[in-house]
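Sharing a structure, written as structure tokens. Questions coming.
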Amino acid sequence: MTTTSAPTEPPVQRPVRRIGDRVFSGGARIAGILILIVLAGVGAFLVVESLPAITASPEDVPGEGGLAAYIAPLIFGTLLSALIALLVATPLAVAIALFITFYAPRRIAQPLGYVVDLLAAIPSIVYGFWGIAWLAPQMVPFYEWLEENLGFIPLFAGPVSTTGRTMLTAGLVLAIMILPIISALAREVFGQTPALHREAALALGATRWEMIRMAVLPYGRSGVIGGAMLGLGRALGETMAIALVLSVSGGITFNLISSGNPSTIAANIALEFPESSGLDVNTLIASGLALFLITLLVNTLARWIVNRRADFSGAN
Amino acid sequence: MSQTTAAPPDAPAPTGIPRAGRLPRWAPYACFAAGAGAAVLLGLLTSLNPATFVIYTVVLGTIALYVASRRVEGSRRAIDRLVTCLVVSAFGIAMVPLISLVIEVLSQGLERLDGEFFSSSLVGVVGEGGGAYHALMGTLIVTGLTTLISVPIGLMTAIYLVEYGTGRLKRSITFMVDVMTGIPSIVAGLFAYALFASFLGPGIRLGIVGAVALSVLMIPVVVRSAEEVLKLVPNELREASYALGVPKWRTIVKVVIPTAIAGLGTGITLAIARVVGETAPLLVTVGITNATNFDPFDGRMATLPVYAYYQLTQPGVPPQFAIDRAWTAALLLIILVMGLNLVARLISRFFAPKTGR
Amino acid sequence: MLKLSTKSRATTLSVALAGTLALSACGASNEADNAGGGGGESGGLSGTLVGAGSSAMQAAMQGFIAGYSSVQPDVTVNYDPVGSGGGREQFLAGGTDFAGTDAYLDDEELAQAEERCGSSGVFELPNYISPIAVIYNLDGVDELNLSPETLAGIFNQQITNWNDPAIAADNPDATLPDQAITPVNRSDESGTTENFVEYLSAAAGEAWPHEVSGDWPVAGGEAAQGTSGVVSAVSGGQGTIGYADLSQAGDLGVANIGVGEEFVAPSPEAAAAVVENSDRVEDRPEYSFAVDLNRDTTGSGEYPIVLISYHVGCVEYEDQETADLVKDFMSYVVSEEGQQAAAEASGSAPISEGLREQAQTAIDAITAAA
Amino acid sequence: MAKRIDVSDLNIYYGNFRAVEGVTVSIEPRSVTALIGPSGCGKSTFLRSLNRMHEVLPGARVEGKVVMDGQDLYGADVDPVDVRRQIGMVFQRPNPFPTMSIYDNVAAGLRLNNKKMKKSELDDLVERSLRGANLWNEVKDRLDRPGSGLSGGQQQRLCIARAIAVEPDVLLMDEPCSALDPISTLAIEDLMTELKDKYTIVIVTHNMQQAARVSEQTGFFNLNGVGQPGRLIEFNPTEKIFSNPDERATEDYISGRFG
């Protein structure tokens, strides 16, 4: 009888509220709702504008194979480049974070962290410039070596692109772009590992690596995964760097070192949009919708992983 | 390494704790020197270039150190040393492209980083000379507008989520902000363009459209960082303020925000840095022009990323002049971002709650 | 008190920031200060003219605009290289005053143009003529002759090695290396591609089975974004071959293209010649001077791989000011002086006297609605 | 200045959970009233309901009457903000505003409410409040230093100075000494004895000696079991509570603790 509510209906307490409070809380709520509206707007825009392409007969869609046939290689290219980026960047980012947090001398650790953070903010177009001017030519000998020695693997079947502007190069550029994002998050969670955990491990006579493996990595795992997903989201949506670096002239292929590569959704929109009109534009926006859904999926997955892991990591 | 002949630094501990053998402190150096020697030999056999030399040295040195450590210190320490080598070399690998990026931009961009670049636009410029004054101003104006739109909305949303929000609306806003961080930048640009085009007719290119597009990208970043920072403000301060008879909104404005101002400033500045270099959305919303335009509500504006993009992809004759300008604009963008980061640091130092005695 | 309170510090900071912005907002040193409106000695016109369209034309437009600004310093001409399709769409929707396009308006667009401009319709002036060069990067081969069929074979990836007999037949004196050919094409949709493909389709016959569009039809080659992307890909690779505006070729080798019995090197003169000898498209509005290029020409000294860009505008504008500006600017564009400025800026071929006279009739007709 | 508070049949809820049940009590002006009892029995909740701080938590509400000198604090037209201005509060852990100097902290109640005041008047008020909190002599040379630079005891007295600077009628103290060392605790207790000439003071404490030392009246809260609401078991003059309580539970609690 005690925990349930009182027998009489509780009197509705309508506290007197000041005008200032009402205006301010109303403003805050409106701002929040505005975000919902903007997002709904973006969603509605994407759906409405892609409808003509979705309902169009296959011959009218660019490539004349229908919408699915048009978008499929783009989705493949988007996922492939982002996957390469993720596979390359995650271990390196963890290494950077470990190095800065536990290995580097204290005096240089902070400036190093600052420099790496700074790289997260370098405009993507600069990465694109650099990718064409420096990275792609440097990679050619390496690709030739790959083809010669590992050519039996379909990934490195060749023929080698003589300019180096391949899927692997694009993936590497993306990897370098998302490296600072992942490492920043990893560094943060590593730095937050409770001193007690670390000292407990060291007090047991653990070496530095054993301390990291026992105390730091389990604690930071969700942060690293979250950072990786964030980086993946960025890689999926990257536009200019890919448009500049990648040689796009092929369909679905796992061959990473030749000239013929599938484009990515974002880069394809940037490349095709200026000269497009009519249904072509709708088709591009439909591909944008696909990209939006993919990133939505990745972000939801990231949040889910982080939340699920949070229960076990000992973080609060 | 000259001191290596001195007494081994690892004299047995005086406390007499039994300990396994340890490698002397010069051992890693020696191992890597040996690795370098072997690398030269290997290189002479095949083909020696700096890249392969470094790779051979690191690989051989790591193996040598691991083997030596395993023999003297046992497997646990050997693994520790191996991981140290791996972490350091992974860090080195990661730094190579990052450093080369900076060097490349500096070497290509410094040449045109002169007075003319900052003082003139592209009006009447063919070939040599010209500058990016108009693009710099355009970037400042568009980014300023973006900040003006995003910060109030983002901050108020964060305040709503932390101070007022309850139930389903709060949860859905949190989720939607997450979704919004995933909007690809080009999609944001197309959305802003379509929005304005439906009112003002197609072909519309205005600074404000770009600002709206960038805001779509910036708001979630602001909300996220502001939310984190506001959550860190201790509840006790809010209660202290309420207990003084201060209304909630004044408590937020005068106690919560000032306490969090350092973090808010840093978060906002980093959010600006995140959008200032966006190219794709500006291409379809703001366009490009040669002349300086201070009015974001009338006509096209030049912005640094778009300027750099067009200078690189549509150079005149001879192309080199335009390409130089593109690199310098890229360098200028990096400098701008660096400046913003610096400002963020200053803000957090400037406004940090005082704790000193 | 030495220490300022947080609030006053914030004020100081914002004042300093505002001051910096105000100081820098003083205008570019090379721009005429037309705020006072006093430009008495200038050409008399003032205002802003907005155009958008072909990115191929961008460099030439820079030349036109730069040259024009010395004639009419108070007029600002903006040109946004959004692409031909976008340029046409924006113009037809009323977003811009004129368009630059690599392809003339199709019938549907002409119908839309009636809505935009009224019954008197549009003018289309072929004001930018640029030879598209076939550029290559091949050590030891300084001169390369390619017949249309061979060229098509290479870009269709049927001919994959530089020592292919077809190439050798065109170049009996050259020592061709045993090296794979990497054809480079544009990855973005472009007028350059469309013109190049149109040429291959018209001149190479069976060897080029693809349809004509702005998208590159063959998969698997090297693709790069923009003319500059193609140039940098060609110069960055080995055994590469691509197509780009002649003016952007730089140090790369430029192939001579087979026309009739001879091989013609691209040059502004050879490009102008083929335009001169091509026919105006039939059944177009009075002031549309669209040209169907004679791609399969066999005329001596004519270079058939040419990109023509048009300026498209209304014959009748709604307000007098725009009409005056368009009229004055277009007069400058077709003038010898203007064409020379564009040629210097972009390496384009100046239009011939005949084309200029034609164009002038259209420009003279530009009026404002009553 | 000091006012009496009459509470009648007060029930306090967190959502559907009734935390405190049926409290009826009269708090005398110009005296110190102490509230004791085991943890979780609703002392703090009751205290916070006196100046409507309770409502700050989402879902919290109150039934019953709290009347201060004839004015119903939970009346329909009463603004909780006004209530809090008349009834000040000091918290368990000292919480000076970290962004403000000592001076600004004391002046915060006025500044945050945008009261316009002459500089000299404000100076006077700050000095008066700091003197009232027995802190003036320790901080008068460093009024512009951050408040968070003081020791814990000094910070708590700063918070008291801040609370009395808005000149409330009643001062509520929620375990004000639990985070302090014995010397600071003594200083605060002395301060309370001084302040009760001007204010009505209600203090929640776990320290029964403290209650015995400083208070005139003592209320004992208890609950019957986990999940049950807290009740006011006994309310009597302090002397009686500690020597001859009416209720068995009170005696058990006090003797158990005194051992």
Side-chain angles (χ1 to χ4, degrees), chain B residues 155 159-174 226-227 229-267 346-357, chain D residues 47-48 51-59 79-102 104-115 142 144-151 154 158-159 162-168 171-174:
Chain B
L155 203 56
I159 286 172
Y160 177 77
L161 291 178
V162 176
E163 308 282 344
Y164 290 103
T166 45
R168 191 182 289 172
L169 183 61
K170 176 181 176 172
R171 253 176 296 136
S172 55
I173 291 179
T174 310
E227 198 188 344
V229 174
L230 289 179
K231 272 188 196 157
L232 289 179
V233 175
N235 237 344
E236 297 164 3
L237 296 182
R238 295 188 182 90
E239 299 212 321
S241 175
Y242 297 148
L244 291 171
V246 181
K248 189 167 187 174
W249 71 278
R250 268 185 185 285
T251 301
I252 295 169
V253 172
K254 299 226 163 168
V255 174
V256 177
I257 291 181
T259 308
I261 192 79
L264 292 176
T266 313
L346 285 180
I347 287 176
S348 57
R349 202 161 292 169
F350 210 66
F351 290 111
K354 301 158 202 100
T355 48
R357 297 208 166 210
Chain D
L47 188 77
R48 288 165 66 94
N51 70 342
R52 300 187 65 170
M53 278 296 286
H54 177 63
E55 290 163 32
V56 170
L57 302 170
D79 183 345
V81 170
D82 290 331
V83 173
R84 291 178 204 138
R85 268 184 213 161
Q86 292 171 48
I87 306 180
M89 191 163 192
V90 175
F91 296 87
Q92 186 170 359
R93 278 180 32 202
N95 51 1
F97 297 123
T99 50
M100 298 183 190
S101 65
I102 293 173
D104 289 339
N105 258 293
V106 179
L110 294 154
R111 287 250 177 91
L112 293 178
N113 280 315
N114 250 13
K115 287 245 173 62
R142 42 172 175 161
D144 59 326
R145 306 287 301 164
S148 43
L150 298 171
S151 75
Q154 289 174 322
L158 179 63
C159 292
R162 182 174 66 187
I164 60 180
V166 293
E167 295 170 345
L171 207 54
L172 308 176
M173 295 183 164
D174 189 356

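Given the structure is predicted, the values throughout are model-derived calculations rather than measurements. Lettering follows sequence order; numbering is per chain, from 1.
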So CD of Gln86(D) and CG of Asn51(D): to nearest 0.5 Å the spacing works out to 11.0 Å
One should read off an interatomic distance between Asp174(D) CG and Met89(D) CE, to the nearest 0.5 angstrom, of 5.0 Å
Okay, Ser241(B) and chain D: the region with an atom under 4.5 Å from a heavy atom over there is both
Check: Any donor-acceptor pair under 3.5 Å linking the side chain of Arg162(D) with the backbone of Leu244(B)?
Finding: no
Electrostatic pair Asp104(D):Arg111(D) at N-O distance under 4.0 angstrom: yes
Under 4.5 Å to a heavy atom of chain B? For Leu110(D) that would be neither
Applying a strict 4.5 Å limit to non-hydrogen atoms, the region of Phe97(D) in contact with chain B is both
